[in-house]
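The structure displayed is predicted, hence computed values, not measured ones. For ligands, and for the atoms within them, numbers begin at 1 and follow the listed sequence. As a basis for the values below, the full set of heavy atoms in this structure was taken, side chains included, without hydrogen atoms, waters or symmetry mates.
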Amino acid sequence: MLAVYAARQSAEDPLSGLEVGERPVPTSPPGWVRVDVRAAALNHHDLWSLRGVGLPADKLPMILGCDAAGTDEQGREVIVHAVIASPDWSGDETLDPRRSLLSELHPGTLAEHVVVPARNVVPKPAGLSWEQAACLPTAWLTAYRMLFTNAAVHPGDTVLVQGAAGGVATALVQLGAAAGLRVWVTSRDQAKGAAAVALGAERAFSSGERLPERVDAVLETVGAATWSHSVNSLRPGGTIVISGATSGDAPAKAELTKIFFKQLRVVGSTMGTRDELVRLATFVEAARIEPLIDSVRPLSQARDGFAAMEEGQVAGKVVFTL
Ligand SMILES: NC(=O)c1ccc[n+]([C@@H]2O[C@H](COP(=O)([O-])OP(=O)(O)OC[C@H]3O[C@@H](n4cnc5c(N)ncnc54)[C@H](OP(=O)(O)O)[C@@H]3O)[C@@H](O)[C@H]2O)c1
């Protein structure tokens with residue numbers, strides 16, 4: 001079958017290890033199901049895997065991808081949940097110390113077929129296209145859990161999203177606006193900030209710009225480059241939810257004094273549960289949210305999508321179709 005896979009890893013030149021070609025169709029162990037992929041989406045996670053982060057070298061070659069929508073063996077339209085818990089785990093699978101994401105231990109979604117545990121498929125809402133549904137399992141699920149499980153905010157509160165154009169950032173803007181939050185964004189690029197406002201953000205600021213008032217929560221995926229600004233932008237008692245560190249995980253200042261003196265909460269957040277994915281899909285359909293899609297290409301042209309993400313040239317999700 002056609003697949004997009006990591007054949008090698010390089011921290012400096014991640015695309016040098018990317019291959020688009022034939023791989024064997026994965027077999028389904030007992031209790032797992034095969035999904036015929038109709039659309040799959042790209043995440044920064046796929047670039048990290050090519051850089052050697054999160055994907056053990058002894059697992060190469062590995063089919064990349066965490067996001068997919070397709071049909072199961074009964075012909076039902078489904079969305080794939082990418083968090084694979086250990087077989088004996090019960091409860092919140094994101095807290096399973098042995099959890100993995102698709103494409104870390106098991107072949108991922110950038111392929112004609114993917115196999116997952118039976119509980120890792122959820123119904124695709126009829127109102128979502130294949131491309132829209134494929135956006136939800138990683139960036140959108142992460143945004144959903146950051147906002148509605150971990151940020152402790154309510155309609156009318158003000159939240160700051162660091163970064164405006166990324167997959168998680170655009171999901172935060174669209175979900176937050178639909179839920180009645182005042183969403184502010186920062187961006188390195190004025191045009192990307194303006195695009196976020198068109199998408200539902202109330203205001204856009206330059207990266208690092210002083211805000212007119214302090215916010216109730218900051219949604220952080222940029223990391224080192226924005227950490228001090230995130231701490232300084234919060235009201236006393238506010239919450240930073242962090243789910244990524246694209247610009248590095250060692251900020252020049254940890255801001256420990258401000259964190260304890262302002263009694264801030266710093267909450268880590270990773271992916272989401274199957275139940276949260278079901279609620280996310282229901283919310284997106286009910287609120288008529290159309291996930292922002294940067295581009296749609298056939299899977300055979302996946303390399304161009306990876307290159308655009310590596311260059312920071314994407315706004316919303318990069319989607320591949322089969
Ligand atoms: N924990 C989890 O479960 C989870 C799930 C999904 C993603 N993540 C992580 O979250 C991060 C974002 O993922 P994504 O898929 O949204 O990636 P992406 O689409 O490539 O987004 C990159 C974002 O980062 C901002 N950015 C990058 N470098 C920056 C810098 N030096 N200064 C300021 N802003 C910068 C960009 O903002 P502008 O271009 O607007 O300035 C953009 O919004 C990645 O590190 C990813 O690994 C974690």
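- When side chains are defined from C-beta on, His44 counts as touching Thr246, because their heavy atoms get closer than 4.5 Å.
- Using a 4.0 Å cut-off between heavy atoms, Ser187 contacts ligand 1 through both its backbone and its side chain.
- With a 6.0 Å radius and a threshold of 12 heavy atoms from other residues, nucleotides or ligands, Glu73 has its CD atom above the threshold.
- Side-chain contact between Trp32 and His106 is present, with heavy atoms from C-beta onward closer than 4.5 Å.
- Ligand 1 has no nitrogen or oxygen under 3.5 angstrom from a nitrogen or oxygen of Thr186.
- Between atom OG1 of residue Thr186 and atom NZ of residue Lys192 there is a gap of 11.0 Å, rounded to the nearest 0.5 Å.
- Annotation: atom 5 (C) of ligand 1 to nearest protein heavy atom, Thr142 OG1, 3.0 Å.
- For the pair Lys124 and Trp130, the distance from NZ or CZ to the six-membered ring centre is under 6.0 Å and the angle to the ring normal is within 45 degrees.
- Closest to atom 47 (O) of ligand 1 among all protein heavy atoms lies Trp48 NE1, 2.7 Å.
- Of the polar atoms of Gly163, none of the N or O atoms is found under 3.5 Å from an N or O of ligand 1, judged by distance alone.
- Between Gly166 and ligand 1, at least one pair of N/O atoms sits closer than 3.5 Å.
- Set against the non-hydrogen atoms of Ser269, the atoms of ligand 1 under 4.0 Å away are 1 (N).
- Side chain of Asp216 to backbone of Thr158: a donor-acceptor contact under 3.5 angstrom is found.
- Among protein heavy atoms, the minimum distance from atom 27 (C) of ligand 1 is reached at Arg188 NH2, 3.6 Å.
- Between Tyr144 and Phe148, the ring planes are perpendicular. Angles over 60° get that label, and only those under 30° would be called parallel.
- Here the side chains of Pro137 and His81 are not in contact, with every heavy-atom distance at 4.5 Å or above.
- Ranking protein heavy atoms by distance to atom 16 (O) of ligand 1, first place goes to Val168 N, 2.8 Å.
- If you check which protein heavy atom lies closest to atom 31 (N) of ligand 1, you get Ser247 CB, 3.7 Å.
- Between atom 18 (P) of ligand 1 and the options His44, Glu311, Lys192, the minimum heavy-atom separation is to His44.
- Both the backbone and the side chain of Thr246 come within contact range of ligand 1, each with a heavy atom under 4.0 Å.
- Looking only at atom types and distance, the side chain of Asp96 has a donor-acceptor partner in the side chain of Ser86 under 3.5 Å away.
- Put simply, no part of Ala171 is less than 4.0 Å from ligand 1, judged by heavy atoms.
- Asp67 and Thr138 share a side-chain donor-acceptor pair at under 3.5 Å.
- An N or O contact shorter than 3.5 Å links Ala164 to ligand 1 by distance.
- Between Ser243 and ligand 1, at least one pair of N/O atoms sits closer than 3.5 Å.
- In terms of polar-atom proximity, defined here as any N/O pair under 3.5 Å, Ser207 makes no such contact with ligand 1.
- Under a 4.0 Å criterion applied to the non-hydrogen atoms of Thr221, ligand 1 contributes the atoms 10 (O), 11 (C).
- Counting heavy atoms from C-beta outward, Leu18 and Tyr5 have side chains that stay 4.5 Å or more apart.
- A distance of 10.0 Å separates CG in Leu322 from CG in Asp36, rounded to the nearest 0.5 Å.
- Annotation: Gly167 places an N or O atom under 3.5 Å from an N or O atom of ligand 1; distance criterion only.
- Met271 N, 2.8 Å is the protein heavy atom nearest to atom 3 (O) of ligand 1.
- Only the side chain of Val222 comes within 4.0 Å of ligand 1, judged by heavy-atom distances.
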